[in-house]
There are 2 protein chains.
Amino acid sequence: MTVWDRPEPPARPVPLDRERIVAAAIALADEGGLEAVSLRKVAGRLNAGPMRLYGYISTKEELFDLMVDEVHAEILPEEQPGDWREALRIIAHRTRQTVLRHEWLAELLGGRPTLGPNGLAVTEAKLAALDGLADIDTVMRAVETVSAYFTGAIRREIANLRAERATGLSKRDWQRASGPHVTRVLATGRFPTLAKAVYDGTEVDAEASFATGLDWVLDAVAVKLTRPPT
Amino acid sequence: MTVWDRPEPPARPVPLDRERIVAAAIALADEGGLEAVSLRKVAGRLNAGPMRLYGYISTKEELFDLMVDEVHAEILPEEQPGDWREALRIIAHRTRQTVLRHEWLAELLGGRPTLGPNGLAVTEAKLAALDGLADIDTVMRAVETVSAYFTGAIRREIANLRAERATGLSKRDWQRASGPHVTRVLATGRFPTLAKAVYDGTEVDAEASFATGLDWVLDAVAVKLTRPPT
DNA sequence: CTCATGGCGATACACTGTATTTCTGGGATA
DNA sequence: TATCCCAGAAATACAGTGTATCGCCATGAG
């Protein structure tokens, strides 16, 4: 029984940390969506048993929280411009782009409070952009309003995107001709305005529509800011 | 072997329809959240085997779609007031109240296009409120912007509500004192504006905050409507 | 060299969504 | 009336899930 006959001892388990676990989970989610993230698969990717993960998280939801916080690092802009409008606009667009890169984020965004370091940093950036331009309550309301708008808008955009992908059709074609259900329903005449919107509306690309709505909301905020700055 | 010895023949299976299935699913979700909705439990509640449901839906997601559309009936206002602002405001508030009644809706709202009859009716109502006040593209943008705001706001409100319930603390107390993590992080001084907001901000109730933000957004829409009505 | 212990893998459990197979009662036909 | 057939329901099956528990073993201490 020479050395060559004996197998090497089993490799000591690779040390783990949350960073590696979260990275593996994010990779999985990027590839196959949130539903592709299972503790077994995450652990498998790290050559570990599923139970190993419970030393680092105590529930799958916590893993999701960590994933969300991790990608918030991509949202945080490098440096803040002086103009509050520009600052909020950039954060909104960066959020959108991050969600487009990690579509699974749409399911999670706004679903739970974001209390991780990166999430808090993003919140800080939003608030800081408006700090001093009004009393803190107004600032909070403004940030929450803008954030509510863009999380809602992004979520809807992703929902539409997925529907389009599922049918392989552009939103327009799908509504107009190929979604037999929608076509039939519109033909009943019970939804005249909707029909008009579908048939007569101009198709605008998602980013432009996002930007336009965002500008409207920012306009609204601007009005409230010029109001008593206290 | 008299009649008495013989058991009655097994009751003929209760006839099913989507309405009953959806009602059962909604009841389950209202009681135990979305995660309490399993095809087995839904079927069980109707004295049927799980596979029976597949005659009426072909996937669990479709069941969710039906549930969402069903509760959209609660959102649709009985009659539309003439004033577009009031009309949109009412829809927004009815949506919020419906989600508060059916918290599971928060997870689903905006997650997929709403193509059911009630969903379309709600969309029609939104569009109809603004019809004629601007070109159809502007009307669509307005409706989408307002809807994005309030779905985002509602989702966040529910997220906070759940977090509060989970800790048994008011949002304020939780952030301020009892969430050791948040307290510790704020103490680092890395998030000065956030700290100011948490410590110096006034606690406003969710409905008021929702209404305020909504008014801001409606103001923004009003401005765009008075623009070239074309 | 022995022992204890902390951490890891294996095992187990209850449950999920869904595909497939098996059964059965009622209607159609002879 | 007796037979066949078949739609549709039920049972079974399967691969997978999150998580609790158990038993082992390598590494450090004594």
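All values derive from a computational prediction rather than experimental measurement. These values consider heavy atoms only, across backbone and side chains, with no hydrogens, waters or symmetry-generated copies.
- The distance between atom NZ of B:Lys60 and atom P of C:dC15, rounded to the nearest whole Å, is 14 Å.
- Regarding A:Tyr54, its OH atom lies at a distance of 19 Å from the P atom of C:dT11, rounded to whole Å.
- Within the 3.5 Å criterion, the main-chain N or O of A:Ala43 finds no donor-acceptor partner in the side chain of A:Arg52.
- Atom-to-atom, CG of B:Asp17 to C1' of D:dG8 comes out at 16 Å; the value is rounded to the nearest Å.
- The nearest whole Å value for the distance from the CE atom in B:Met51 to the P atom in C:dG17 is 9 Å.
- Across the protein-nucleic acid pair, A:Leu53 atom CG and C:dC8 atom P stand 11 Å apart, rounded to whole Å.
- In this model, no side-chain donor or acceptor of A:Arg40 finds a partner on the base of D:dG16 within 3.5 Å.
- Side-chain atoms of A:Arg52 stay outside donor-acceptor range of the base of C:dG9, with no qualifying N/O pair under 3.5 Å.
- Rounded to a whole Å, the CG atom of A:Leu39 is 19 Å from the P atom of C:dT11.
- Distances shown here put a side-chain N or O of A:Thr59 below 4.0 Å from the OP1 or OP2 atom of D:dT19.
- Following rounding to the nearest Å, A:Ile57 (CD1) and D:dG18 (P) show an atom-to-atom distance of 9 Å.
- The closest donor-acceptor contact from the side chain of B:Glu157 to the backbone of B:Ala153 lies at 3.5 Å or more, if one exists at all.
- Salt-bridge check for A:Glu31 with A:Lys41: failed, with every basic side-chain N at 4.0 Å or more from each acidic carboxylate O.
- The CD atom of B:Glu61 sits 14 Å away from the C1' atom of C:dT18 (whole-angstrom rounding).
- Between A:Glu103 and A:Arg162 a salt bridge is recorded (basic side-chain N to carboxylate O distance below 4.0 Å).
- Using a 4.0 Å heavy-atom criterion, one finds that B:Val37 contacts the sugar-phosphate atoms exclusively.
- The phosphate of C:dC15 (OP1 or OP2) has no side-chain N or O of B:Lys41 nearer than 4.0 angstrom.
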